Asks: 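Right, I'll just put the structure down here and ask away after.
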2 protein chains.
Amino acid sequence: MSLKHAILGFLNISPLSGYDLWKMFNSTVNNYWTATNTQIYRTLSELAEENMVWYEVIQQEGVPNKKLYHLTQEGKEELISWLRTPLELPSIRHKLLVQISFSNLLEDEEIIAILETYMKNIKEKLNSYKHGNQEEYLSFASSERERFLWKMVLKNGIGFYEFELKWLKESIEEFKKMEKIKT
Amino acid sequence: MSLKHAILGFLNISPLSGYDLWKMFNSTVNNYWTATNTQIYRTLSELAEENMVWYEVIQQEGVPNKKLYHLTQEGKEELISWLRTPLELPSIRHKLLVQISFSNLLEDEEIIAILETYMKNIKEKLNSYKHGNQEEYLSFASSERERFLWKMVLKNGIGFYEFELKWLKESIEEFKKMEKIKT
DNA sequence: GGACCCATGTAAATAGTTACATGATTGC
DNA sequence: GCAATCATGTAACTATTTACATGGGTCC
């Protein structure tokens, strides 16, 4: 499970509550893994049982109390050993490609509408990426080396969406060209 | 669930057995959704219960009998209505990016080793994509239009891996450059 | 004789989503 | 007065993976 290790990784940088972690997993810049609050709270309980993390309850006024989670030595060792394990290529799950594969059943306009809607979504995502709080996020890096690594991750995110955008643009153009020839 | 719709999509093109579908989902060219045999057989049973598909048992000699699944009218309607629904951007789950984010805990050589191993995997994947049975696959298209759509999907697959490869190359280079400055 | 292909599946575990619940505080 | 933020969680469901089981046929 990568969620476990992602949580251990965040806690290694600083102690956090479940709520903090949830915000992290939902911020644009940490966009390599997503998780719902349900999943995070459950996983934190599991990690606590396995002695990978421990928590202190922070009394707060006005806002609810919170559990601040810390990494244990065991957790840190588990994290490092996972970081060292080489990864297989992940299996791809791309719903849009499934739709396109079988969309010969649809009319031209319908196909174009699907592609354009998707393109709009990607453009928005790219925008929130580029005009988001990248610099702020990078400023939390503890060293030039860490900063470099985080930048590398950001570049992958942006690059991926740019690739998708380019592919969509070209595909739509070609599709429209084909349409014209036909008529 | 997209697996259900992907199966309906395949069955719309031609009747298939669970085993045939399993091979499809694991072939390089149909690389936009993966599924294990377990999942496929269970989903087929569910689809049969929902009257989206029906099957005939084909008696065979030498090899075991098989169930040949066909799409029903209901299944076809469900497929078309799903094809028309616009999709949200999928949530990303990229383990390598998780590792990189936290790999400030590792030594330089370890980081490079992880990146290079991953790069090797991608190169292999790209190779099997490019020298695979693309043309054969495309020849099953029933029309120029369907062929175009399938090509579009293939281009996305290849383009994605090429992007990842480029990103890895640049990252490794830059990382090594940084190493030199430090020493 | 061992590995792999054909063809089906069950059992069990893990991972992830959706909906719901609580309750005070802050801002429009 | 209503929505959003902070903060925690449960229940139920859906999706996915891993391991196991069966049994004949073919290929080296």
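Order of the sequence lines sets the chain letters (A, B, ...), proteins ahead of strands, with each chain counted from 1. Computed from a prediction, not measured in an experiment: that's the story for all the values here.
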Asks: So what does S17(B) touch, heavy atoms closer than 4.0 Å: a base, only the sugar-phosphate, or nothing?
Replies: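 Sugar-phosphate contact only - S17(B) comes under 4.0 Å of backbone atoms but never of a base.
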Asks: With ring centroids as reference points, do F25(A) and W22(A) lie under 6.0 angstrom apart?
Replies: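 F25(A) vs W22(A): aromatic centres not under 6.0 Å.
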Asks: Specify the separation, in whole Å, of atom NZ of K23(B) and atom C1' of dT8(C).
Replies: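 Going from NZ in K23(B) over to C1' in dT8(C) covers 14 Å.
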Asks: Among dA7(C), dA7(D), dT16(D), which nucleotide has an atom closest to any side-chain atom of Q60(A)?
Replies: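 So the nucleotide nearest the side chain must be dA7(D).
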Asks: Given dT17(C), dA15(D), dG9(C), which nucleotide is nearest the side-chain atoms of K67(B)?
Replies: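 In terms of side-chain proximity for K67(B), the closest of dT17(C), dA15(D), dG9(C) is dG9(C).
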Asks: Reckon Q39(B) has a side-chain N or O less than 4.0 Å from the OP1 or OP2 of dT17(D)?
Replies: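 Answer yes for this pair, as a side-chain N or O of Q39(B) is under 4.0 Å from OP1 or OP2.
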Asks: M178(B) versus R145(A): any side-chain heavy-atom pair under 4.5 Å?
Replies: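 With C-beta onward as the side chain, the pair touches.
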Asks: Heavy atoms under 4.0 Å, any strand shown: does N37(A) hit a base, just sugar-phosphate, or nothing?
Replies: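 Base contact.
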Asks: Send over the distance from K66(B) NZ to dT22(D) P, rounded to a whole Å.
Replies: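 Distance, rounded to whole Å: 25 Å.
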Asks: In this structure, how many angstroms lie between the P atom of dT8(D) and the CG atom of L44(A), rounded?
Replies: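 It is 9 Å, rounded to the nearest whole Å.
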Asks: Would you kindly give the NZ-to-C1' distance between K4(B) and dC13(D), to the nearest whole Å?
Replies: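 Atom-to-atom, K4(B) to dC13(D), this comes out as 12 Å.
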Asks: State whether Y41(B) places a side-chain N or O below 4.0 Å from either non-bridging phosphate oxygen (OP1 or OP2) of dG9(C).
Replies: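 Checking dG9(C) against Y41(B), no side-chain N or O comes under 4.0 Å of OP1 or OP2.
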Asks: Taking OP1 and OP2 of dT8(C), is either one under 4.0 Å from a side-chain nitrogen or oxygen of Y19(B)?
Replies: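 So the side-chain polar atoms of Y19(B) never come under 4.0 Å of the phosphate oxygens OP1 or OP2 of dT8(C).
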Asks: Taking donor-acceptor contacts at under 3.5 Å, does the side chain of R93(B) reach the base of dG16(C)?
Replies: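 Not at all, since no donor on one side and acceptor on the other fall under 3.5 Å apart.
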Asks: Round to a whole Å and report the spacing from CZ of R42(A) to C1' of dC20(C).
Replies: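 After rounding, the gap between these two atoms is 16 Å.
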Asks: Are any of the side-chain nitrogens in E170(A) or K151(B) under 4.0 Å away from the carboxylate oxygens of its partner?
Replies: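 No, E170(A) and K151(B) are not salt-bridged.
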Asks: Can you find a donor-acceptor pair, distance only, under 3.5 Å between T38(B) side chain and dT18(D) base?
Replies: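 Such a pair exists between side chain and base.
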Asks: Taking the minimum atom-to-atom distance to the side chain of P64(B), which one of dT8(C), dC6(D), dA7(C) wins?
Replies: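 Of dT8(C), dC6(D), dA7(C), dA7(C) is nearest to the side chain of P64(B).
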